[in-house]
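What follows is a set of notes on a single structure, which appears directly below.
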Amino acid sequence: MEAFRIVGGARLSGDVRVTGAKNSVLKLMAAALLAEGTTTLYEVPTILDVEYMAELLRRLGCEVVHDAEARSVAITVPAVPSHKADYDLVRKLRASINVLGPLLARCGEADVALPGGDNIGSRGLDMHVAGLERLGATVRSEHGYLIATRDDQLHGASVWLDFPSVGATENLLMAAVLAKGTTVIDNAAREPEICDICHMLVAMGAQIDGIGTSTLTIEGVDSLSPVEHTTVPDRLVAGTWAVAAVMTRGDITIQRARADHLEIALDKLVSAGATVDEVADGVRVRCADRPRAIDVVTLPYPGFPTDLQPQFIALNSIARGAAMVTENLFEARFRFVNEMVRLGADVRTDGHHAFVRGKEKLSGAPVEAADIRAGAGLVLAGLVAEGTTTVYEPHHVDRGYEGFIDDLVRLGADVSRVQVNQLA
Ligand code: UD1
């Protein structure tokens with residue numbers, strides 16, 4: 001078993017480069033299923049989730065070649081992919097539900113095991129199912145699988161989402177691009193990752209209007225062609241580095257970070273006392289003094305991202321003053337607060353609010369990462385805690401952060417990946 005060992009106290013400074021977004025590339029890989037032939041994706045991060053998705057596509061009959069050095073993945077899709085996505089892989093990542101829409105559109109049937117992924121809340125699929133049914137699919141749940149079929153072609157329809165769900169918007173988009181007629185998705189999610197998949201689909205030959213807005217209008221086409229596409233930079237990894245700069249009173253230039261995708265988060269950091277500058281190919285974040293505590297409320301994009309909530313709790317826990325953090329998307333994301341308390345943080349939760357009183361110092365302790373972002377938040381806390389922090393279950397962090405430990409070391413942190421039996 002592995003763990004991250006962090007000796008707190010270093011000020012991080014230097015450059016770090018952000019690759020493509022995990023939350024985009026996994027869906028782009030699923031979207032490749034929509035066209036026979038070879039689709040090539042660039043700026044693909046070397047992270048566990050990409051390997052899981054590659055394996056899932058192989059099981060569906062695709063050939064997948066991941067060239068880590070070139071940061072590319074080439075996916076060759078057969079004329080008729082298999083339509084069954086098995087439990088053993090699907091349980092490892094939530095994004096595997098995104099093969100549902102493309103398989104249904106391409107094969108007329110999709111059997112997808114109910115997904116796993118981060119343990120951050122109930123994560124329903126009702127909007128995916130209701131939307132696909134509006135397009136003419138029949139969906140039932142049997143023996144742990146969602147089985148979606150269509151009699152004939154899917155047909156266009158108006159779909160109003162109760163909530164701008166990222167996953168449901170993506171699945172409906174990927175089903176609607178090959179449906180007959182016009183689909184309107186209202187109250188659609190408009191995360192940069194949604195825009196990314198829309199741009200790729202348009203390059204494949206899809207007709208989509210309203211990209212970047214909450215109303216997407218899709219005119220179905222008969223077939224799509226494979227493409228080459230560069231993945232949008234990971235705003236959540238970039239945001240994590242930005243918080244690291246502020247917490248360690250450091251100075252980090254985050255290459256390829258898109259300030260326009262991180263507006264609220266960067267604005268919050270400025271309110272906390274940071275200096276944020278857009279530079280040639282990225283964003284520079286620095287902070288000379290102890291940051292001020294800052295309230296955040298998570299909301300769908302362009303609101304404050306839930307995936308940066310644990311990192312901001314970590315920041316508030318060493319800030320001057322007190323702050324309220326409100327989580328509106330995933331109730332279980334506050335589970336990680338117990339681990340922060342082990343590091344000496346003063347955090348209390350009440351429903352979907354966490355009240356954080358900043359302390360001058362945290363104190364290093366053994367803690368456990370329960371999901372990707374909780375793991376990132378704990379690493380950040382460890383960087384500023386006195387003494388040694390050991391973060392167990394680091395594979396969660398590996399699912400979303402390429403070369404995290406190497407980057408931290410380059411920026412000056414005293415961090416290593418250790419075998420647990422080396423810890424004594
Ligand atoms: C994606 C991201 C995740 C991010 C989240 C919100 C991936 C792989 N994951 O997750 O990192 O935190 O967006 O930005 O891209 N819901 C339902 N019924 C549904 C669908 C969703 O109740 O049919 C609920 C969920 O339980 C959750 C909320 O809606 O409370 C948001 O979910 P959604 O936007 O779908 O997130 P994911 O696509 O799962």
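Just follow the structure's listing: the first ligand is 1, and inside any ligand the first atom is 1. All values derive from a computational prediction rather than experimental measurement.
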Run down the list [options] and name the one with the heavy atom closest to [atom].
atom: atom 19 (C) of ligand 1; options: Gly131, Gly124, Ala189; answer: Gly124
atom: atom 34 (O) of ligand 1; options: Asp371, Val166, Asn171; answer: Val166
atom: atom 3 (C) of ligand 1; options: Val25, Asn98, Asn23, Asp162; answer: Asn23

What atoms in ligand 1 come closer than 4.0 Å to a heavy atom of [X]?
X: Leu329; answer: 6 (C), 27 (C), 30 (O)
X: Gly167; answer: 35 (O), 38 (O)
X: Phe163; answer: 28 (C), 29 (O), 31 (C)
X: Asp307; answer: 3 (C), 4 (C), 11 (O), 12 (O)

Next item on the list: Just let me know how Phe330 lines up against ligand 1, side chain, backbone, both or neither, with a heavy-atom cut-off below 4.0 Å.
Entry: side chain

Item checked: Structural part of Lys27 in contact with ligand 1, heavy atom criterion under 4.0 angstrom -> side chain

Should the pair [X]-[Y] be classified as a salt bridge under the 4.0 Å nitrogen-to-oxygen rule?
X: Arg417; Y: Asp398; answer: yes
X: Asp49; Y: Arg399; answer: yes
X: Asp281; Y: Arg256; answer: no
X: Arg342; Y: Glu368; answer: no
X: Glu327; Y: Arg333; answer: no

Check: Does Asp126 have a heavy atom less than 4.0 Å from any atom of ligand 1?
Finding: yes

Notebook entry, point to check: Under 4.0 angstrom from ligand 1, any heavy atom of Arg333?
Noted result: yes

Notebook entry, point to check: Does a donor on one side chain sit under 3.5 Å from an acceptor on the other, for Glu51 and His66?
Noted result: yes

Next item on the list: Would you check if there is a donor-acceptor pair between the side chains of Glu393 and His395 at a distance under 3.5 Å?
Entry: yes

Side chain or backbone, does [X] bring an N or O within less than 3.5 Å of an N or O on ligand 1?
X: Leu26; answer: no
X: Thr306; answer: no
X: Pro164; answer: no
X: Ala168; answer: no

Item checked: Partners passing ring pair (Phe, Tyr, Trp, His ring centres under 6.0 Å) against Phe4 (at least two apart in sequence or in another chain) -> none

Next item on the list: Applying ring pair (Phe, Tyr, Trp, His ring centres under 6.0 Å), name anything that partners Phe404, two or more places apart in sequence or on another chain.
Entry: Trp241, Tyr401

Notebook entry, point to check: Is any side-chain heavy atom of Arg150 closer than 4.5 Å to a side-chain heavy atom of Thr138?
Noted result: no

